[in-house]
Amino acid sequence: MNPQELSAFAQRYTDAWNAHDSASSATCYAEDGSLAINGGEPAEGRSAVQAVMQGFHDAFPDAVLTMDAVRGAGNRAVFLWTYEGTNTGPGGKGNRVRFSGWEAWTLSPSGLVQRSLGNFDQDEYERQLAEGV
């Protein structure tokens with residue numbers, strides 16, 4: 001994927017997140033793609049990835065994802081982002097969060113995410129859930 005194609009792909013991914021459309025976001029993943037967050041057990045397969053995304057959409061109905069940068073080389077890319085929202089979903093305390101992170105992508109031959117290793121500061125995220133930004 002050249003830099004322009006990667007940027008367009010990352011923007012499509014960001015836009016799908018911001019539409020709170022987990023099915024559309026998940027189409028950015030290969031059918032057998034995976035997503036692991038902070039070294040946790042990976043969600044394997046597009047439907048499992050979609051379920052993880054839907055969990056964030058449910059917890060933060062007003063969330064906005066900002067693409068801070070995307071860089072790639074060969075079949076690998078790094079997507080840097082900032083996530084902001086209010087935890088008003090089921091069981092939420094109504095606190096706002098704002099945290100940044102990144103995803104290390106391995107891309108499939110068809111240009112979809114084959115594997116994503118997502119990372120953010122889990123302790124800070126949990127603090128913000130409890131106390132707000």
Side-chain angles (χ1 to χ4, degrees):
M1 206 179 281
N2 69 41
Q4 293 80 16
E5 292 169 332
L6 178 59
S7 181
F9 175 80
Q11 189 61 57
R12 181 168 65 92
Y13 182 72
T14 303
D15 291 346
W17 265 94
N18 287 331
H20 296 252
D21 184 350
S22 60
S24 180
S25 299
T27 65
C28 293
Y29 282 75
E31 194 64 46
D32 62 345
S34 67
L35 167 64
I37 299 174
N38 289 339
E41 197 65 33
E44 300 275 353
R46 188 179 285 164
S47 62
V49 169
Q50 180 179 342
V52 170
M53 294 171 171
Q54 190 61 52
F56 278 96
H57 296 323
D58 291 346
F60 302 94
D62 66 343
V64 174
L65 180 73
T66 302
M67 175 175 53
D68 298 326
V70 63
R71 301 284 184 270
N75 72 334
R76 302 206 182 243
V78 177
F79 175 73
L80 292 91
W81 49 262
T82 300
Y83 189 87
E84 292 184 73
T86 310
N87 185 219
T88 57
K93 296 183 180 181
N95 292 325
R96 285 201 54 78
V97 299
R98 183 177 196 281
F99 59 99
S100 295
W102 53 274
E103 296 178 36
W105 290 340
T106 301
L107 302 171
S108 72
S110 62
L112 298 174
V113 176
Q114 185 66 54
R115 184 174 78 158
S116 177
L117 302 175
N119 295 276
F120 60 87
D121 184 333
Q122 185 74 36
D123 291 337
E124 179 58 16
Y125 171 70
E126 290 176 12
R127 186 198 66 74
Q128 289 181 25
L129 284 176
E131 302 171 16
V133 177

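From a predicted model like this one, the values you see are computed outputs, not experimental measurements.
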Inspect the surroundings of CZ in R96 and state if more than 12 heavy atoms from other residues, nucleotides or ligands are less than 6.0 Å away. yes
Could you please spell out the steps behind the ring-ring contact (aromatic ring centres under 6.0 Å, His included) verdict for Y83 and F60? CA-CA 10 Å; Y83 189 87; F60 302 94; 5.6 Å; yes
Would you mind reporting whether F79 and E103 have side-chain heavy atoms less than 4.5 Å apart? yes
To which residues is V78 joined in a hydrophobic cluster, defined by side-chain heavy-atom contacts under 4.5 Å among Ile, Leu, Val, Met, Phe, Trp and Tyr, whether direct or through other members? L80, W102
To the nearest 0.5 Å, tell me how far Q11 CD sits from L6 CG. 11.5 Å
Just wondering, do L107 and V113 contact through their side chains at under 4.5 Å, heavy atoms? yes
Is there a donor-acceptor contact under 3.5 Å from the side chain of N38 to the main chain of G40? no
Is there a path of hydrophobic side-chain contacts, each under 4.5 Å between heavy atoms of I/L/V/M/F/W/Y residues, joining M53 to Y125? yes
Is any side-chain heavy atom of Y13 less than 4.5 Å from a side-chain heavy atom of N18? no
Heavy-atom closest contact (E44 atom, S34 atom, distance): OE1-CB, 3.7 Å
Identify whether Y29 and L117 are in the same connected component of the hydrophobic contact network (ILVMFWY, side-chain heavy atoms under 4.5 Å). no
Backbone N or O of D123 within a donor-acceptor pair of the E126 side chain at under 3.5 Å? no
Quick one: CD on E41 to CG on L35, what's the gap to the nearest 0.5 Å? 12.0 Å
Side-chain donor-acceptor pair present, Q114, S108, cut-off under 3.5 Å: no
Are W105 and R115 close enough that some pair of their side-chain heavy atoms sits under 4.5 Å apart? no
For the atom pair CG (D21) and CG (D15), what is the distance rounded to the nearest 0.5 Å? 11.5 Å
Could you walk me through whether F9 and V70 satisfy the side-chain contact (heavy atoms from CB on, under 4.5 Å) test, starting with their C-alpha distance in whole Å, then the side-chain angles of each, then the deciding distance to 0.1 Å, before giving a yes or no? CA-CA 10 Å; F9 175 80; V70 63; over 6 Å; no
Which heavy-atom pair separates Q128 from F99 by the least distance, and what is that distance? OE1-N, 4.4 Å
Salt bridge (charged side-chain N to carboxylate O under 4.0 Å, His left out) filter on D68, not counting sequence neighbours, yields none
Does either side chain, that of S100 or that of T82, offer a donor lying less than 3.5 Å from an acceptor on the other one? yes
Does R12 reach the side chain of T27, with side-chain heavy atoms less than 4.5 Å apart? yes
A63 to H20 - nearest heavy-atom pair and separation: O-NE2, 2.9 Å
Could you check whether any side-chain heavy atom of V52 comes within less than 4.5 Å of a side-chain heavy atom of I37, counting everything from C-beta outward? yes
Please report the interatomic distance CD(E124) to CZ(R98), rounded to the nearest 0.5 Å. 11.5 Å
Is there a donor in the side chain of Q54 and an acceptor in the side chain of Q50, or the other way round, less than 3.5 Å apart? no
Within a 6.0 Å radius of atom CZ on R71, are there more than 12 heavy atoms belonging to other residues, nucleotides or ligands? no
Got a sec, which residues hit salt bridge (charged side-chain N to carboxylate O under 4.0 Å, His left out) with E31, two or more places apart in sequence or on another chain? R46
Tell me if a side-chain donor or acceptor on T14 pairs with a main-chain N or O of A10 at a distance below 3.5 Å. yes
Which heavy atom of D58 sits nearest a heavy atom of P61, and at what distance? O-CD, 3.7 Å
Starting at CG of D62, measure out to OG1 of T86 and round the result to the nearest 0.5 Å. 3.5 Å
Can you tell me how far the OG atom of S22 sits from the CH2 atom of W17, to the nearest 0.5 Å? 8.5 Å
